[in-house]
Amino acid sequence: MRAPQRQQAILELVRQHGGVRVVELVRVFGVSDITVRRDLESLSERGLLAKVHGGATVIGSTDEPGFAAKSVRQEAEKQAISRRAAALARPGTAVALSAGTTTWTLAHHLAGVPALTVVTDSVRVAEVFRRCGRTDQTVVLTGGMRTPSDALVGPVAVAAIRELNVDVLFLGVHGMTVRAGFTTPNMMEAETDRALIESAGRLVVLADHTKWGTVGISTIAQLNEADMVISDAGLGAQAREALAGQVGELVIAGADQRRPPVHPPGRGSGTPAPPRSVRRWPARDGPGGGRDEGGAAPNAVPPS
């Protein structure tokens, strides 16, 4: 078994049992003590588990790494996800970007879109647009109390967001599971993110494959509230199946094509669809609608 596959298997064991011991992993995988410790070090550096004496445990649901620590994780995946998400933003539309390193990466790709209005609760995201110096873009920074991930949260942020309406929200998340939905380790940030969802006509969640199976203490939204989830090719088959059955559309960024269609509840399965709280737009099939990587018409954000 190659190191990436072994590390993924180790991570699954940690998530299932809450922790693992080095001696157990040596026996399970038939590798040396040194190899196991290197695997645990790699997973720890990526923020996927916490190393302890003799083994590793899950990261607590309230642990919130700082922006700098998160920005170096899964950089290639974040770039692929951001390129795919940026194609949804059309000139002249109003978009919201939540705080986070994936949305910060997306901001660099959106900086060149003309006449864009951007609403964000992220100091880092707002700074990207300030530095690009476009005079035809409008950036609205909500204000509020600052978190370790440089989100602005609390009653000031929520009050500002509730007065606004945007075409699409690009939401970064700490984790996602079928049971807990999309989650964050910061309860006040969850409240702010929920206000952003209410302000948006469409919800697009940006989440690399490491977010699957991770649970933060506070739920932002259930899976079936997302119109689209954009992830990367590292997302496992089980996660793809679960997401495809819940979200409006699952897109795998950087892949040659989308996963073959899976009938979610209410779409050919004979099972009633779960209620959705977000508003949906019809797919574009006229001029400019185009086709995406998999040959399906993208759900592009229409002009205001």
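Because the structure is a prediction, the values reported are computed rather than measured. Keep in mind that the numbers below use all heavy atoms, side chains included, and drop hydrogens, waters and symmetry copies.
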For Ser218 and Arg194: C-alpha separation, side-chain torsions, deciding distance, then whether side-chain contact (heavy atoms from CB on, under 4.5 Å) applies.
CA-CA 11 Å; Ser218 188; Arg194 285 193 287 269; 4.1 Å; yes
Do side-chain atoms of Arg124 reach the backbone of Gly100 as a donor and acceptor pair under 3.5 angstrom? no
CG of Leu152 to CE of Met188, rounded to nearest 0.5 Å, is 11.0 Å
query = Are the side chain of Arg6 and the backbone of Met1 linked by a donor-acceptor contact shorter than 3.5 Å?
reply = yes
Query raised in the report: Do the side chains of Leu43 and Ile10 get nearer than 4.5 Å, heavy atoms only?
Result: yes
List the steps, then state whether side-chain contact (heavy atoms from CB on, under 4.5 Å) holds for Val204 with Leu169.
CA-CA 6 Å; Val204 178; Leu169 164 63; over 6 Å; no
Asp232 side-chain N/O to His209 backbone N/O, donor-acceptor pair under 3.5 Å
yes
Task: Within 6.0 Å of CD in Gln238, more than 12 heavy atoms from elsewhere - done: no
ask   = Mind checking whether Met176 and Thr183 have side chains closer than 4.5 Å, heavy atoms only?
value = no
For the pair Asp208 and Lys78, evaluate salt bridge (charged side-chain N to carboxylate O under 4.0 Å, His left out) and give the outcome as yes or no after the intermediate values. CA-CA 7 Å; Asp208 68 70; Lys78 290 173 183 175; 5.4 Å; no
dist Thr147:OG1 -> Asn186:CG (nearest 0.5 Å) comes out at 5.5 Å
Take atom CE in Met187; do more than 12 heavy atoms of anything else shown fall under 6.0 Å from it? no
Interatomic distance, CD1@Ile34 vs CZ@Arg37, rounded to 0.5 Å, equals 9.0 Å
Taken to the nearest 0.5 Å, the spacing of Thr105 OG1 from Gln79 CD works out to 5.5 Å
Beyond-backbone contact of Asp227 with Glu249, side-chain heavy atoms, under 4.5 angstrom = no
- Please determine, by modelled atom types, if Glu189 and His174 share a side-chain donor-acceptor pair under 3.5 angstrom. no
Under a single-linkage definition using a 4.5 Å side-chain heavy-atom cutoff for Ile, Leu, Val, Met, Phe, Trp and Tyr, are Val158 and Val166 assigned to the same hydrophobic cluster?
-> no
For Pro114 and Asp136, the nearest pair of non-hydrogen atoms, with its separation, is CA-OD2, 3.4 Å
Gln246 and Leu223 have their tightest heavy-atom pair at CB-CB, 3.8 Å
* Asked: Does the side chain of Val168 come within less than 4.5 Å of Thr93's, by heavy atoms?
  -> no
Taken to the nearest 0.5 Å, the spacing of Glu127 CD from Asp150 CG works out to 11.0 Å
**Asked** So if you build clusters from Ile, Leu, Val, Met, Phe, Trp, Tyr with side-chain heavy-atom gaps below 4.5 Å, do Val14 and Val22 land together?
**Response** yes
*Are Arg162 and Glu198 close enough for a salt bridge, meaning some N to O gap below 4.0 Å?*
no
Leu203 side chain reached by Phe170 side chain, heavy atoms, under 4.5 Å:
no
So, the side chain of Glu24 versus the backbone of Arg21: is there a donor-acceptor pair under 3.5 Å, distance only?
yes
Yes or no on side-chain contact (heavy atoms from CB on, under 4.5 Å) for Arg130 and Val139, after CA distance, side-chain angles and deciding distance? CA-CA 8 Å; Arg130 186 195 69 80; Val139 179; over 6 Å; no
When every non-hydrogen atom of Ala111 is compared with those of Gln137, the smallest separation belongs to O-NE2, 3.1 Å
In the single-linkage hydrophobic clustering (I, L, V, M, F, W, Y; side-chain heavy atoms under 4.5 Å), do Val153 and Ile197 co-cluster? no
* To do: Output yes when a side-chain donor or acceptor of Ser231 lies under 3.5 Å from a complementary backbone atom of Ala207, and no otherwise.
  => yes
What one should report as the nearest heavy-atom pair of Val178 and Ala242 is CG2-CB, 3.8 Å
message = If hydrophobic clusters are built by linking Ile, Leu, Val, Met, Phe, Trp and Tyr wherever their side-chain heavy atoms come under 4.5 Å apart, do Leu141 and Leu196 end up in the same one?
response = no
When every non-hydrogen atom of Ala157 is compared with those of Gly143, the smallest separation belongs to CB-O, 3.2 Å
query = Within the side chain of Asp167, is there an N or O that forms a donor-acceptor pair under 3.5 Å with the backbone of Ala94?
reply = yes
Under 3.5 Å donor-acceptor, Thr120 side chain and Leu97 backbone = yes
Tightest non-hydrogen contact, residues Leu13 and Leu25, listed as CD1-CD2, 4.0 Å
CG (Leu235) and CD (Glu241) are apart, to the nearest 0.5 Å, by 11.5 Å
Legend entry - Side chain Thr177, main chain Ala180, donor-acceptor under 3.5 Å: yes
Report task. Please tell me if the side chains of Val95 and Thr117 come closer than 4.5 Å, counting only heavy atoms from C-beta onward. Result -> no
Residue pair Val118 / Val140, side-chain heavy-atom distance below 4.5 Å
no
Enclosure of Arg179 CZ (heavy-atom neighbours >12, cutoff 6.0 Å) = no
**Report entry** Side-chain heavy-atom pair Phe182, Thr219 within 4.5 angstrom cut-off
**Finding:** no
Q) Under 3.5 Å, side chain of Arg134 to main-chain N/O of Phe129, donor-acceptor pair present? A) no
Next item on the list: Treating Ile, Leu, Val, Met, Phe, Trp and Tyr as nodes and any side-chain heavy-atom pair under 4.5 angstrom as an edge, say whether Met145 and Ile220 lie in one connected cluster.
Entry: no
